[in-house]
Amino acid sequence: ETGVTQTPRHLVMGMTNKKSLKCEQHLGHNAMYWYKQSAKKPLELMFVYSLEERVENNSVPSRFSPECPNSSHLFLHLHTLQPEDSALYLCASSHQQGLNYEQYFGPGTRLTVT
Amino acid sequence: DAKTTQPPSMDCAEGRAANLPCNHSTISGNEYVYWYRQIHSQGPQYIIHGLKNNETNEMASLIITEDRKSSTLILPHATLRDTAVYYCIVRVPESGANSKLTFGKGITLSVRP
């Protein structure tokens, strides 16, 4: 499945670093999402973008900054992270309109904060 | 979204049918039942969804009871690659921000050779 791609697949960063996660969808969708999955925990929704506008911020700390320049791309900018931010970060997309609202997920970026 | 309850784990033999149960006793009339799965270290994958009729696609079948308070996902011929965490979610399919999914702990299916 290559409809939603994420880069990098693995990232190790120090607490003082700045890095960005990238997500790209090739499905013609116009809603995109960031989820966080920590070890032994369910997926947690972080951000929702609809037609390139952020429509939901699920109480995410400001050290995570999303950006959606167009309907195909979604970024998550990271700065001054904490070790507890180590997790699998998943991007997803879906149609905004119509009957098919299924979300399609990317493979995720495994982030380790040292 | 209505809450769902799933057993934490189950296993089945390769080649046999895997029947994964889900209870959603507080489901409302306009909520659909969705199933996703997540293979280890990968993103979740949509499997199937339904409202009240049984549904079948190339991956699985979804059986919803007449009162809609429970459902069963059936993988007709389980393979080792079906080993994953399976999530049952009930929600109203809406656009934009309301399309968010709320994942529970899911059920871990282990397919044994």
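Here the structure is a predicted model, which means the values were calculated and not measured. Numbered from 1 within each chain, the chains take letters A, B, ... in sequence-line order.
- Side-chain heavy atoms closer than 4.5 Å link hydrophobic residues (I, L, V, M, F, W, Y) into clusters, and following such links, possibly through other members, connects B/Leu62 to B/Met10.
- Taken together through direct or relayed side-chain contacts under 4.5 Å among Ile, Leu, Val, Met, Phe, Trp and Tyr, B/Leu20 and B/Ile74 form parts of separate hydrophobic clusters.
- The same ILVMFWY cluster, assembled from side-chain heavy atoms under 4.5 Å apart, contains both B/Met59 and B/Trp35.
- Across A/Pro42 and B/Gly104, no two heavy atoms sit closer than the pair CB-O, 3.3 Å.
- More than 12 heavy atoms of other residues, nucleotides or ligands sit less than 6.0 Å from atom CZ of A/Arg63.
- Of the inter-residue distances, the one linking A/Gln103 atom CD with B/Tyr36 atom OH reads 5.0 Å to the nearest 0.5 angstrom.
- Annotation: side chain of B/Gln42 is not in contact with side chain of A/Leu88 (no heavy-atom distance under 4.5 Å).
- Separating the OH atom in A/Tyr104 from the CD atom in B/Gln45 is a distance of 10.0 Å, to the nearest 0.5 Å.
- Only the side chain of B/Tyr87 comes within less than 4.5 Å of a heavy atom in chain A; its backbone stays farther off.
- A heavy-atom distance below 4.5 Å is not found between the side chains of A/Lys41 and B/Lys105.
- Within the 4.5 angstrom heavy-atom criterion, no atom of A/Glu53 approaches chain B.
- At a 4.5 Å heavy-atom cutoff, A/Arg54 makes no contact with chain B through either its backbone or its side chain.
- Other residues, nucleotides and ligands contribute more than 12 heavy atoms inside 6.0 Å of the OH atom of B/Tyr46.
- Cluster annotation: A/Leu27 and A/Phe75 are assigned to distinct hydrophobic clusters (Ile/Leu/Val/Met/Phe/Trp/Tyr, side-chain heavy-atom contacts under 4.5 Å, transitive).
- Across all their heavy atoms, A/Leu90 and B/Gly43 have their closest contact at CD2-CA, 3.4 Å.
- Under the 4.5 Å side-chain heavy-atom criterion for grouping Ile, Leu, Val, Met, Phe, Trp and Tyr, A/Leu111 is not connected to A/Val12 through any hydrophobic cluster.
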